[in-house]
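Every heavy atom of this structure was used, including side-chain atoms; hydrogens, water molecules and symmetry mates were not. The sequence lines fix the lettering, A, B, ..., with proteins before strands; numbering per chain opens at 1.
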Amino acid sequence: MLDTKYNHSLIEENKYEMWKDNGYFKCEEESNKKPFCIVLPPPNVTGVLHLGHAWDVTLQDIIIRYKKMEGYDAFWLPGMDHAAIATEAKVVKRLKDKGIDKYEYGREKFLDACWDWTKEHGDIIRAQWAKLGVALDYSKERFTLDEGLQEAVKKVFVDYYNEGLIYRGEKIINWDPAAQTALSNEEVVYSEEKSAFYHLKYKLENSEEYLDVATTRPETLFGDTAVAVNENDERYKNFVGKNVILPIVNKPIPVITDEHADMEKGTGCVKITPAHDPNDFEVGNRHNLERIIIMNDDATMNENVPSKYVGMTREECREEVLKDLEREGLLLEVEPLVHEVGHSERTGVMVEPMVKKQWFVKMRPLADTVLETQKDKNKKVNFVPTRYEKTMNHWMEITYDWCISRQLWWGHRIPAWYKGDEIYVGMQAPEGEGWEQDNDVLDTWFSSALWPFATLGWPHNTKLLEKYYPNQCLVTGYDIIPFWVNRMTFQGEKILGQRPFEDCLIHGLIRDKLGRKFSKSLGNGIDPFDMIKLYGADSLRYYLATDVSKGTDMRFDEEKIKSTWNYINKIWNASRFALMNIEGLKEIKLENLKDIDKWILTKYNKVVKNVTKHMDKYDFNIVGSELYSFVYDDFCSNYIEMAKFSLDDETTKSVLCYILTGILKMLHPFMPFVTEEIYQMLPIKDAESIMISSYPTYDKKQIFEDEELIVDDEILFIKNFRNVKKENNITKDMKIKFESIPNELLIKMLKLEDSITTDELDINSYNVLSNNIIAVIYSPYFLM
RNA sequence: GGGCGUUUAGCUCAGUUGGUUAGAGCACUUGCCUUACAAGCAAGGGGUCAUAGGUUCGAGUCCUAUAACGCCCACCA
């Protein structure tokens, strides 16, 4: 006999190991079943899983379990990401806490420390996946820095280099002065900062005339090599071609005309600092201007500035420069301004645009292929919801060359060797003496961009690759589209000539109850595993999967997990009731069906049809509410209540067992543990585990429209009768006269046996009821 | 500056191709320990669907503006 209370901790013990040990998580590469492959977005080995991960993997697990029950060769490939910059930062800090400096420690030992870190966190993450119950095929687990990925990365690098799609160049890049590495544009986040527009006086050489040059970064004036105005700007016509005197350093620099100078903006004069501003860099290229780098890698001022400023930070230097300008009467005006300033996504410090020699991927041809492919509905990546397609397309339109080199140690080392001016790029080190390998590693996203196929064995022509590429689906948050989805798409289409995945299911972000992002500084974090302890993984999963419609953000609400627990407790008890009454049932015989049997079978089949339709569209919240009302209203409140009067009937038992089995199966992808527990107790089952049982199918022969209407009407009558009874304070001992006698089932349901009468009653003694009932309740049982 | 999203009950959210009386959970009111479940059951109250126009026999749903909030993108000196 089942306990009257659902005990999630007990139920969720040991099942995961059982599924895993029985091989249910494994793909069936040798079978003829249609493949359904998802590669897991590899979590960073930097830390542990949070609620966002729990949401992400729950959605995928639902799809995988559903597809498996539907008869597909469902394959979910797990793995983790080495997360170059993020992990390196963690390991540097860990060593620092032990008093060890990264550079003194040396590259080799540092990498060992990174591998130790990876192993530790990998184990934690795997244990967390198990708690969540996700059906990952561990026999195919990969790591973005394992040998196979290293080979794939090198191959792409070498091939692209030979094709001219990867090049090394001196360009302006986003420099993170804290991590001391280059960043891609995607790794720069902009935030508003209070600053000012400083108007500086650039005097014309040998003249009292001057240009009013407005800038937000006066400290970079040491790097100025020109001042630009628009060629159509009448105001400055006679300045063009002459020199102005750079303040403080008193050096003459030319006044040039360039399209970049906008007559409408500011004063129309722009100082040009080619080494420290992306626009100015372009202007400098057009006019062959000198690039003067004025900062060290940690963003302190270098020896290219007057000695009094050398060694100052950018901020200190700005203050000093402003003081000095003011003293010399060269500061014309300070206009307060709020503007967007770029910061490093990882370290949070202000990004410094700097000219550096870095490696780049030439994006235009790759992006154009994607834009072209997206026009063909049989070849495109189908975003779900479709609006996210725009996010990718827009990025493909505006993207520019991807800076892929990082001045870090943890990552894929760039397969380029140098000897003097010679460069060698290849899979292995070149023959001969004196070659030195590039010290840098690649952006972590360079390897994760190869995830959908490198994990399947590419560059080798493996059976896995053949069968599971393109993947059928990818699931991730919309915040990852620029970093990852886009790059997987252009890499997949370039390297394998096909989209990496057919569908791309996008979910939102999870926020706290007040709609704020979860963050350490706010202290509003929720550990999903605390929730699992309190309510079980099944409750958490169901909540995450069904709370909001696809593609939208979610506000975390523990109350909802609690009410999901109540729902599962309801399912538990309904099952308990059914199991008590179907004990020893040998065979499901759907014969001699009564009206209520036909009614529940009809409702059930309609639900199966709808649920399947919405599962296929990833509309899990709709599936959730379909099943919820079927379980609560149709099955528990109505069928079970009515079935209580015919429990010795073999048909009732069969129907109970049949419907319960179907409910468990449809709920299984959402709440795998409890459904498995109950499934194992069924007297009749079609598989050794619900996980490998077959999904319910719609059966037209079980649709009985007439009986459905009859019972619907009876249910409406019951509800209305109870309502009237309550509103009029009708008590048990009062007699009720009906125009016609309700059927036996209704008499039992409403406990009317003792109160019903057909005798002639004095109309005054029951006027409250009879008129009301007839007036209020519309039902054939009274009107006939 | 460009784009996207959201706005529905006290709160958090559903609402599929336009179609009877707009739904759920939580909260609230009332009555019940009815042997599956009191973490439950039964019944109930509560919404001019952000605003203003429009299309339509019919609009929460489609169109056009407006507002508030949020997000993404963009080289703005």
Practice item. Compare side-chain N and O positions of A/H339 against OP1 and OP2 of B/rA77 and report whether any pair is under 4.0 Å apart. Key: yes
Exercise for review: Indicate whether OP1 or OP2 belonging to B/rG25 is found under 4.0 Å from a side-chain N or O atom of A/K560.
Suggested key: no
Judged by atom type as modelled, is there a donor-acceptor pair below 3.5 Å linking the side chain of [X] to the main-chain atoms of [Y]?
X      : Y      : value
A/E335 : A/H199 : no
A/Q374 : A/L371 : no
A/W402 : A/F360 : no
A/N573 : A/T4   : yes

For the pair made of [atom1] in [X] and [atom2] in [N], what is the distance, rounded to whole Å?
X      : N      : atom1 : atom2 : answer
A/K517 : B/rC72 : NZ    : C1'   : 10 Å
A/L514 : B/rC11 : CG    : C1'   : 12 Å
A/I398 : B/rG1  : CD1   : P     : 19 Å
A/H394 : B/rC71 : NE2   : C1'   : 14 Å
A/I622 : B/rU16 : CD1   : C1'   : 6 Å
A/D479 : B/rC73 : CG    : P     : 10 Å
A/I480 : B/rC71 : CD1   : C1'   : 14 Å
A/D512 : B/rU12 : CG    : P     : 12 Å

Expressed as a whole number of Å, how far does the [atom1] atom of [N] sit from that of [M]?
N      : M      : atom1 : result
B/rU20 : B/rU61 : P     : 14 Å
B/rU34 : B/rC41 : P     : 14 Å
B/rC71 : B/rA77 : C1'   : 27 Å
B/rC49 : B/rA59 : C1'   : 11 Å
B/rU7  : B/rC28 : P     : 26 Å
B/rG18 : B/rG60 : C1'   : 10 Å
B/rG46 : B/rU8  : C1'   : 13 Å
B/rG47 : B/rU66 : C1'   : 23 Å

Exercise for review: For the pair A/D258 and A/R286, find out whether any cationic side-chain nitrogen is under 4.0 Å from an anionic carboxylate oxygen.
Suggested key: yes
Point to revise | Salt bridge flag under 4.0 Å for residues A/D212 and A/K201 | key: no
Touch class at under 4.0 angstrom, heavy-atom based, for [X] against every strand present:
X      : value
A/Y628 : sugar-phosphate
A/D262 : base
A/K513 : nothing
A/T215 : sugar-phosphate
A/T552 : sugar-phosphate

Review point. Mapping A/Y400 and A/R555 onto RNA chain B by nearest heavy atom, which one lands closer to the 5' end?
Key: A/R555
Review point. Want to settle it: does A/E186 or A/D557 sit nearer the 5' end of RNA chain B, counting the closest nucleotide to each?
Key: A/D557
Check your understanding: In a check of ring pair (Phe, Tyr, Trp, His ring centres under 6.0 Å) between A/Y628 and each of A/F635, A/Y567, A/F670, A/Y542, which one passes?
Key -> A/Y567
Revision key, fill the gap. In this structure, CG of A/N486 is separated from CE of A/M392 (nearest 0.5 Å) by 6.0 Å
Check your understanding: Of the nucleotides B/rC4, B/rA74, B/rG15, which has the atom closest to the A/R387 side chain?
Key -> B/rC4
Revision key, fill the gap. Against the side chain of A/V548, the closest entry in B/rG15, B/rC71, B/rC13 is B/rC13
Point to revise | Pair of N/O donor and acceptor under 3.5 Å linking B/rC76 base with A/K265 side chain | key: yes
Review point. Would you say the side chains of A/H339 and A/E193 form a donor-acceptor pair under 3.5 Å?
Key: no
Revision key, fill the gap. Reading nucleotides 27-41 of chain B from 5' to 3' and marking B where a protein heavy atom lies under 4.0 Å of the base, S where only the sugar-phosphate is that close, and - otherwise, the string is ---BB----BB-BSS
Check your understanding: Would you say the side chain of A/V188 lies within less than 4.5 Å of the side chain of A/E345, judging by non-hydrogen atoms?
Key -> no
**Study point:** Secondary structure of RNA chain B in dot-bracket form (Watson-Crick or G-U wobble, distances below 3.5 Å, | marking inter-strand pairs)
**Key:** (((((((..((((.....[...)))).(((((.......))))).....(((((..]....))))))))))))....
Check your understanding: Do the numbers put A/K603 on top of the ring of A/F630, so that NZ or CZ is under 6.0 Å from the six-membered ring centre and no more than 45° off the axis?
Key -> no
Practice item. Evaluate side chain to side chain contact (heavy atoms under 4.5 Å, CB included) for A/S646 paired with A/K653, printing each intermediate quantity in order. Key: CA-CA 9 Å; A/S646 57; A/K653 290 179 200 253; over 6 Å; no
